[in-house]
Every structure is written in structure tokens, then in C-alpha cells.
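These notes are about the structure you will find just below.
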Amino acid sequence: MWGRGLTPLEFWKNIEHIRRTDEEDMPGVVDSLVSGAKTVQVSTSWIPITRAHSRIMLASTPGPSPSDSNIPTIYVTTSVSESTSSTSMLVLPIPQGKAGQKQFMEALPRAIQFAARNLDDTSRTPMRVAGESELDAALGIAMVLLEALFDSNGVYIGQLEKRGAS
């Protein structure tokens, strides 16, 4: 079930239906639950992570917005197709569930490098991290950026300084 993209939230919301399903019908039921969950309403309100002095912001949005092309954004999508990235937009295709674990780990160095390059800019422009309706991977990326690029007081110190280089 989990390998088909079923999230714990959808599992618990549909536990009775899942329990009544025969084993041979389970893949079809799970696929319909997963596809139905993708129509969840999303918020395009950016939530600043105050611990990082609002230098990182998080949101759930159905897709990258070209209208905000000046603001550096890491966009996590569940679509496995290659998407176009630019100097201010990094699109990371990461499937949901266990299927996306490897892609998530492989995406981390690219996300850190992209964020460091954009946060090093002295304009103090915030770094945005967004994802589709399920924010698990986007939130994971934001947490890794906090650990990799900020000190324990939430002050941006950059990638090289964190590792002790001068």
C-alpha cells in the first residue's frame, strides 16, 4: 500500500474501507484513494520559518508560479517527469512514500547548493520551499536547509562555514 503512494493520513481516513477490501482488490482501492487525495485543497500562503529569521518560507501549491520568478524557490513535485529548472527555480521530482526515499536523498545536495547560492545573495531575499498537496518532502528539504546552512540561533552561515572552512 505504501509503495503505491498511500499516505498515513489517507490510510487512517479510509481504514474501514481498507479493512473490508479483499486482498486481490486492494491495489485498485489504494490507487483510487491516492488519486482522490491529490485533489486536496492547497494553500498558497507562504509560512515563514521564524527560527531562520524568515529567510526560509514554506507553502503548499499546485505548481511552480512563473509570476514570482525573482524569488528563489525549490519546488517538490510528485511527478517523475523532468521539469525545467532555472537560476531562481529548482524543481525536484520526488514521488510520495517509500518510492521517493532514494530520490529525496539524491536531491538533498542539489537543494543545499541551490539554497546556498541564493541565500548568499546580500539582498536578504527569502528562500521558498514549496510542494504539492503533501508537504512531507518539501518540509524535509526545509529542515535539511536549516541544519546545513544555519547555526543553532537561526543565523545564516552558509555551506562552507558550517563545515568549518574559512
Next item on the list: Go through the steps to decide whether Arg55 and Phe150 satisfy the test side chain to side chain contact (heavy atoms under 4.5 Å, CB included), and finish with yes or no.
Entry: CA-CA 10 Å; Arg55 298 280 321 266; Phe150 292 81; 4.0 Å; yes
Note to self: According to side-chain contact (heavy atoms from CB on, under 4.5 Å), who are the partners of Ile47, at least two apart in sequence or on a separate chain?
What the structure shows: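 Ile47 satisfies side-chain contact (heavy atoms from CB on, under 4.5 Å) with no other residue.
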Item checked: Test side-chain contact (heavy atoms from CB on, under 4.5 Å) applied to Pro48 - qualifying residues, sequence neighbours left out ->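 Partners of Pro48 under the side-chain contact (heavy atoms from CB on, under 4.5 Å) test: Ser54, Met57.
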Heavy atoms only: give me the nearest [X]-[Y] pair and the separation to one decimal.
{"X": "Asp120", "Y": "Gly158", "result": "OD1-CA, 4.4 Å"}
{"X": "Trp46", "Y": "Ala130", "result": "CH2-CB, 3.5 Å"}
{"X": "Met127", "Y": "Asn118", "result": "SD-CB, 4.3 Å"}
{"X": "Ala142", "Y": "Ile49", "result": "CB-CD1, 4.1 Å"}
{"X": "Val76", "Y": "Ala137", "result": "CG1-CB, 3.6 Å"}
{"X": "Ala138", "Y": "Gly131", "result": "CB-N, 3.9 Å"}

Item checked: Pairs involving residues 103-118, ordered by first then second residue, that meet salt bridge (charged side-chain N to carboxylate O under 4.0 Å, His left out) (sequence neighbours left out) ->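 Passing the test, one end in residues 103-118: Lys102-Glu106.
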Checklist line | Spatial distance of atom OG (Ser152) from atom CD (Glu147) [nearest 0.5 Å] | finding: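 Separation between the atoms: 9.5 Å.
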Next item on the list: Indicate if Val155 and Ile112 have the same hydrophobic cluster label, given that clusters are the connected sets of ILVMFWY residues with side-chain heavy-atom separations under 4.5 angstrom.
Entry: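 Looking at the clustering, Ile112 is in a separate group from Val155.
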Check: Among Thr77, Val129, Leu108, Ile141, whose side-chain contact (heavy atoms from CB on, under 4.5 Å) with Leu92 holds?
Finding: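 Testing each of Thr77, Val129, Leu108, Ile141 against Leu92, the sole residue satisfying side-chain contact (heavy atoms from CB on, under 4.5 Å) is Ile141.
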Check: Is there a donor-acceptor contact under 3.5 Å from the side chain of Ser86 to the main chain of Met89?
Finding: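 Answer holds: yes.
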Margin query: Could you check whether any side-chain N or O of Asp25 sits under 3.5 Å from a backbone N or O of Thr21, counting only pairs where one atom can act as donor and the other as acceptor?
Written below: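 No, the answer is negative, given that no donor and acceptor are paired below the 3.5 Å cut-off.
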Notebook entry, point to check: Yes or no on side chain to side chain contact (heavy atoms under 4.5 Å, CB included) for Ile74 and Leu145, after CA distance, side-chain angles and deciding distance?
Noted result: CA-CA 11 Å; Ile74 296 173; Leu145 296 180; 4.0 Å; yes
Margin query: Assess the residue pair Tyr156 and Asp151 against the criterion (side chain to side chain donor-acceptor pair (under 3.5 Å)); give the C-alpha distance rounded to whole Å, side-chain angles, the decisive distance to 0.1 Å, and a yes or no.
Written below: CA-CA 7 Å; Tyr156 176 72; Asp151 70 12; over 6 Å; no
Residue pair [X] / [Y], side-chain heavy-atom distance below 4.5 Å:
{"X": "Pro72", "Y": "Arg128", "result": "no"}
{"X": "Thr73", "Y": "Leu90", "result": "no"}
{"X": "Leu33", "Y": "Ile18", "result": "yes"}
{"X": "Leu119", "Y": "Leu149", "result": "yes"}

Check: By side-chain hydrogen bond (donor to acceptor under 3.5 Å, both in side chains), which residues pair with Glu24, not counting sequence neighbours?
Finding: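 Glu24: no side-chain hydrogen bond (donor to acceptor under 3.5 Å, both in side chains) contacts found.
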Next item on the list: Go through the structure and list residues passing side-chain hydrogen bond (donor to acceptor under 3.5 Å, both in side chains) with Arg19, not counting sequence neighbours.
Entry: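 With sequence neighbours excluded, Arg19 shows a side-chain hydrogen bond (donor to acceptor under 3.5 Å, both in side chains) to Glu16, given in chain and number order.
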